[in-house]
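I have placed the structure first, in the form of structure tokens, so that the comments after it can refer back to it.
For clarity, every value in this text was computed on a predicted model and none was experimentally measured. All values below were derived from every heavy atom in this structure, side-chain atoms included, with hydrogens, water molecules and symmetry-related copies excluded.
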Amino acid sequence: MSSLNVIRLPLISALALALAACDGSGGSGTPIPDVACAETGPYACRTGTTEPLYTFQWALNYKDSYFQDYPSVFGGGLDLNVEPVHRQGIKGQGVRVMVVDTGTDLHTEDLAPNADPSLSWNLVTDMPDPYPTQSAIDDGSAHGTAVAGIIAAAQNGKGVMGIAPLAKVGGVNFLENPSVGAWAASMGGATWSSGADIFNASLGLVTAFALPYDSDEDTYTPVVRAMKKLRDGKGAVFLKAAGNDFDSRLCGHDFGYYDCSNPANDPMGPREPNAITVAAINAFGEASSYSSAGSVIWVSGMGGEFGESGTYGEVGTRDYSGPTIFSTDLRGCAVGFSSKTAHTPFLRGESHHNGIPDNRDCDYAYMNGTSAATPTVAGVVALVLSANPDLGWRDVRDILRMSARKVDAGYVSASPHRLGLFPYGARMDLATNKLSTHPGGKDDIRPGSTAVPIDLGWQKNGAGHEHSNWYGFGVPDAARAVELAREYKRDPRLSRLQDVQIPEFETVGAWYQGDGYAEGLEEQDVTSAQSMAFPYQRVTLLGTLQSPAQVVDSFQVRLSGTDVCLGALGIAVRSPAGTVSLLKLPNDAFRSKEVVDFNDYALNSVAFYGEEAQGEWQIYLMAANPDLPLEFAVKQPDGSYMPGFSQSCFGAKSRPTEYFLETEARIIAQ
């Protein structure tokens with residue numbers, strides 16, 4: 001994908017696959033105990049300082065980064081704390097990583113030493129070389145090569161170094177030939193993919209519709225669930241990019257105060273327990289300006305900002321300036337992110353560092369996005385599995401959570417506007433659809449309330465775990481994660497190789513208005529439905545779910561409706577322990593799309609992870625005003641915005657007098 005713009009590749013009708021790249025402290029965490037180095041060779045137990053471009057890899061060594069001398073784009077952040085692991089000689093040995101992407105140039109000087117042709121396939125040529133096809137060679141085709149380099153670029157005295165520089169890496173050009181069948185084959189369903197330990201998917205499905213989840217029409221979820229059978233039943237580890245839509249203007253705001261897209265809307269995995277959804281942070285240790293936010297986020301990786309100016313992206317030119325993530329590129333200056341027409345000297349192959357040309361052949365580049373953040377976490381997972389290959393997918397997910405560090409503690413009080421008009425945790429007035437200068441809180445979510453918060457910030461749940469819709473459980477510390485992997489090895493009883501428990505959805509409420517719906521409900525023997533006017537412009541209790549004694553993995557809500565403005569609806573859940581999670585915000589992208597009919601549209605929250613579930617779970621509707629006009633903007637491939645206008649959620653028609661809404665919920669238990 002282009003290092004400047006989001007590329008969407010056609011899939012079917014109104015669906016599109018999007019690459020999850022936007023563009024192309026000291027950071028050291030807790031040290032781990034000394035361990036004798038088992039690595040051999042000229043680079044044994046050495047950090048990436050052996051590589052010429054390592055100084056630009058701030059995600060691996062923050063305190064010594066080239067960017068430390070540029071405070072306008074750098075400072076107060078952190079890194080992944082990989083160096084203590086590398087010094088012990090743990091560099092991904094024995095781990096196989098599949099990059100499901102645009103294709104990968106495995107012949108570059110930094111990827112060839114770790115390339116695994118048996119783990120690769122080209123869906124266009126039907127050959128084991130995943131190099132992007134000639135018909136698709138453009139900036140975007142370099143996306144998969146950059147992702148692969150972030151994970152597994154070799155330590156060989158050339159270019160950059162991957163987080164797991166001894167891991168084996170393969171690729172598939174899924175985005176050049178996307179289909180459900182190709183997705184299944186790429187995610188472990190073919191002989192060439194079934195041997196992968198880790199799958200990195202820096203991509204997502206962008207859709208104007210609320211697609212069904214866990215129903216007969218859902219073709220993606222069975223593929224994700226099948227991954228739990230790989231690795232001899234231990235389950236492959238699936239890393240999924242959250243997306244880059246936080247600053248979308250589909251909500252009608254000039255500034256991104258909240259994410260109106262919701263990563264849970266992507267049907268390619270985020271709602272499933274075995275999908276580790278990854279957000280992005282920048283070199284200031286804050287959420288990257290584009291990073292999608294939502295209750296499905298598990299952890300955050302390093303994505304950076306836009307790197308637009310200077311030689312290496314070190315010059316600040318606007319609010320969201322800052323370095324990106326350096327990696328490998330398609331070979332040569334005629335293709336890829338690095339080319340003679342690129343926007344910085346480094347990307348044009350013209351830069352010199354310490355008097356030496358550092359990208360003369362344009363074989364290296366940089367990119368940002370949750371596309372870049374996801375492989376930084378995949379690299380950490382490769383180190384973890386190298387230290388303990390017996391870990392299951394649940395173990396890896398837990399280790400990432402337990403090693404994660406809290407960042408940007410007070411972000412809800414900040415504002416994207418330089419005048420600080422509204423904080424990120426502002427209230428939204430459900431009658432006017434406007435934001436208030438007053439911050440909100442979980443106590444605003446109660447029956448009859450007419451204003452709700454758009455973010456609750458970091459919350460400690462009933463199990464003592466802190467979670468944020470922006471950051472998930474935080475940023476993993478590789479050294480701590482590897483030490484936890486060793487603890488699991490010393491005591492295998494810590495491991496949880498059994499699957500989580502996924503029950504059927506349970507109806508918790510059904511509302512309707514109109515004789516036609518009453519007759520239909522009577523024919524279906526539905527006796528619990530309530531006839532009532534739809535409660536727009538206020539908070540209402542949708543229903544409750546009673547849970548027996550069990551431990552929560554995640555909580556899901558599923559909605560089906562007719563003649564209901566989905567874009568006006570927000571969903572919040574309160575657990576018996578008092579934790580509140582915002583699963584969906586009112587006035588999101590569905591409002592500008594005027595979506596009023598949907599079936600089995602589902603949401604998920606991991607914020608309750610580890611809580612005792614027993615008791616009453618309350619599901620709240622936060623319904624805004626669907627009748628007000630909306631001026632919004634749609635981002636074009638060239639980065640410009642096209643204006644849009646919606647008279648109301650129901651178009652030029654008046655609000656329907658009849659409607660139907662069914663709400664289902666379930667607890668996925670550990």
Residues that Gln550 engages under side-chain contact (heavy atoms from CB on, under 4.5 Å), provided they are two or more places apart: Ser547, Pro548, Ala613, Ile667, Ala669
Backbone of Val452 reached by a side-chain donor or acceptor of Asp444 within 3.5 Å: no
Pairs touching residues 448-475 that satisfy salt bridge (Lys or Arg N to Asp or Glu O under 4.0 Å), sequence neighbours left out: Lys406-Glu466
Check: Tyr601 ring centre within less than 6.0 Å of Phe590 ring centre: yes
Trp511 side chain reached by Leu621 side chain, heavy atoms, under 4.5 Å: yes
Residue pair Leu211 / Asp218, side-chain heavy-atom distance below 4.5 Å: no
Polar side-chain atom of Asp266 near backbone of Leu205 as donor-acceptor pair, under 3.5 Å: yes
Donor-acceptor pair, side chain of Thr562 and main chain of Asp597, under 3.5 angstrom: no
Check: Ala241 main-chain N/O paired with Thr370 side-chain donor or acceptor under 3.5 Å: no
Backbone of Leu435 reached by a side-chain donor or acceptor of Arg427 within 3.5 Å: no
Ring pair (Phe, Tyr, Trp, His ring centres under 6.0 Å): pairs with one or both residues in residues 518-541, sequence neighbours excluded: Phe534-Tyr536, Phe534-Tyr659
Partners meeting side-chain contact (heavy atoms from CB on, under 4.5 Å) with Ala529 (sequence neighbours left out): Ala510, Tyr512, Leu521, Val526
Counterpart residues, ring-ring contact (aromatic ring centres under 6.0 Å, His included), relative to Trp298 (two or more places apart): Phe473, Tyr609
Side chain Glu594, main chain Ser646, donor-acceptor under 3.5 Å: no
Check: Gly301 main-chain N/O paired with Thr376 side-chain donor or acceptor under 3.5 Å: no
Thr579 and its side-chain hydrogen bond (donor to acceptor under 3.5 Å, both in side chains) partner, picked from Lys442, Glu611, His467, His465: Glu611
Met302 and Val475, any side-chain heavy atoms less than 4.5 Å apart: yes
Side chain Arg271, main chain Thr221, donor-acceptor under 3.5 Å: no
Leu430 side chain reached by Val539 side chain, heavy atoms, under 4.5 Å: yes
Distance, nearest 0.5 Å, that separates CE of Met622 from CZ of Arg538: 15.0 Å
Shortest non-hydrogen contact from Phe284 toward Pro71: CE2-O, 3.8 Å
All pairs passing salt bridge (Lys or Arg N to Asp or Glu O under 4.0 Å) where residues 561-575 contributes a residue, at least two apart: none
Interatomic spacing from CG in Asn469 to OG in Ser295 - rounded to 0.5 Å: 5.5 Å
Test side-chain hydrogen bond (donor to acceptor under 3.5 Å, both in side chains) applied to Asp553 and Gln670, step by step: CA-CA 5 Å; Asp553 190 272; Gln670 298 186 33; 4.8 Å; no
Spatial distance of atom CD1 (Ile281) from atom CG (Asp408) [nearest 0.5 Å]: 9.0 Å
Side chain to side chain, Leu603 and Val573, heavy atoms closer than 4.5 Å: no
Distance (rounded to the nearest 0.5 Å) between Arg591 CZ and Asn625 CG: 8.5 Å
Pairs touching residues 409-425 that satisfy salt bridge (Lys or Arg N to Asp or Glu O under 4.0 Å), sequence neighbours left out: Asp319-Arg418
Criterion side-chain contact (heavy atoms from CB on, under 4.5 Å) on Val500 and Ile502, from CA distance to verdict: CA-CA 6 Å; Val500 294; Ile502 306 178; 4.1 Å; yes
Donor-acceptor pair between Asn604 and Ser554 side chains, under 3.5 angstrom: yes
Parallel, tilted or perpendicular: ring planes of Tyr471 versus Trp458, cut at 30 and 60 degrees: parallel
Side-chain heavy-atom pair Ile571, Leu559 within 4.5 angstrom cut-off: yes
Candidate pair Ser288 and Asn282, rule side-chain hydrogen bond (donor to acceptor under 3.5 Å, both in side chains), full reasoning: CA-CA 5 Å; Ser288 299; Asn282 60 28; 5.1 Å; no
Sequence-distant partners of Asp588, salt bridge (charged side-chain N to carboxylate O under 4.0 Å, His left out), two or more places apart: Lys584
Flag for Ser648-Arg655: side-chain donor and acceptor within less than 3.5 Å: no
Heavy-atom closest contact (Tyr213 atom, Ala602 atom, distance): CD2-CB, 3.3 Å
Asp245 (side chain) donor-acceptor with Ser292 (main chain) under 3.5 angstrom: no
Where Gly285 and Val407 come nearest, the two heavy atoms and their spacing: O-CB, 3.8 Å
Working for side-chain contact (heavy atoms from CB on, under 4.5 Å), residues Arg405 and Leu78: CA-CA 10 Å; Arg405 295 158 290 175; Leu78 71 167; 3.5 Å; yes
Non-hydrogen atoms of Ile297 and Pro263 that approach each other most closely: CD1-CG, 4.2 Å
Residue pair Ser413 / Pro423: nearest heavy atoms and the distance that separates them: O-CB, 3.9 Å
side-chain contact (heavy atoms from CB on, under 4.5 Å) partners of Asn274, counting only residues at least two apart: Val224, Met227, Lys228, Glu272, Trp393
For Asp429, all residues meeting salt bridge (charged side-chain N to carboxylate O under 4.0 Å, His left out), sequence neighbours excluded: none
4.5 Å side-chain heavy-atom contact, Phe555 and Ser575: no
Check: Ser592 side chain, Ala589 main-chain N or O, donor-acceptor pair, under 3.5 Å: yes
Spacing of OG belonging to Ser289 relative to CZ belonging to Phe246, to within rounding of 0.5 Å: 9.5 Å
Set of residues satisfying ring-ring contact (aromatic ring centres under 6.0 Å, His included) with respect to Phe74, sequence neighbours excluded: Tyr62
Residue pairs involving residues 656-670 (criterion salt bridge (Lys or Arg N to Asp or Glu O under 4.0 Å); sequence neighbours excluded): Asp214-Arg666, Arg558-Glu664
Closest non-hydrogen atom pair, Ile276 against Leu400: CD1-CD1, 3.9 Å
Tyr258 and Leu582, any side-chain heavy atoms less than 4.5 Å apart: no
Verdict with supporting geometry, Ser321 and Glu305, side-chain contact (heavy atoms from CB on, under 4.5 Å): CA-CA 6 Å; Ser321 295; Glu305 286 295 345; 6.0 Å; no
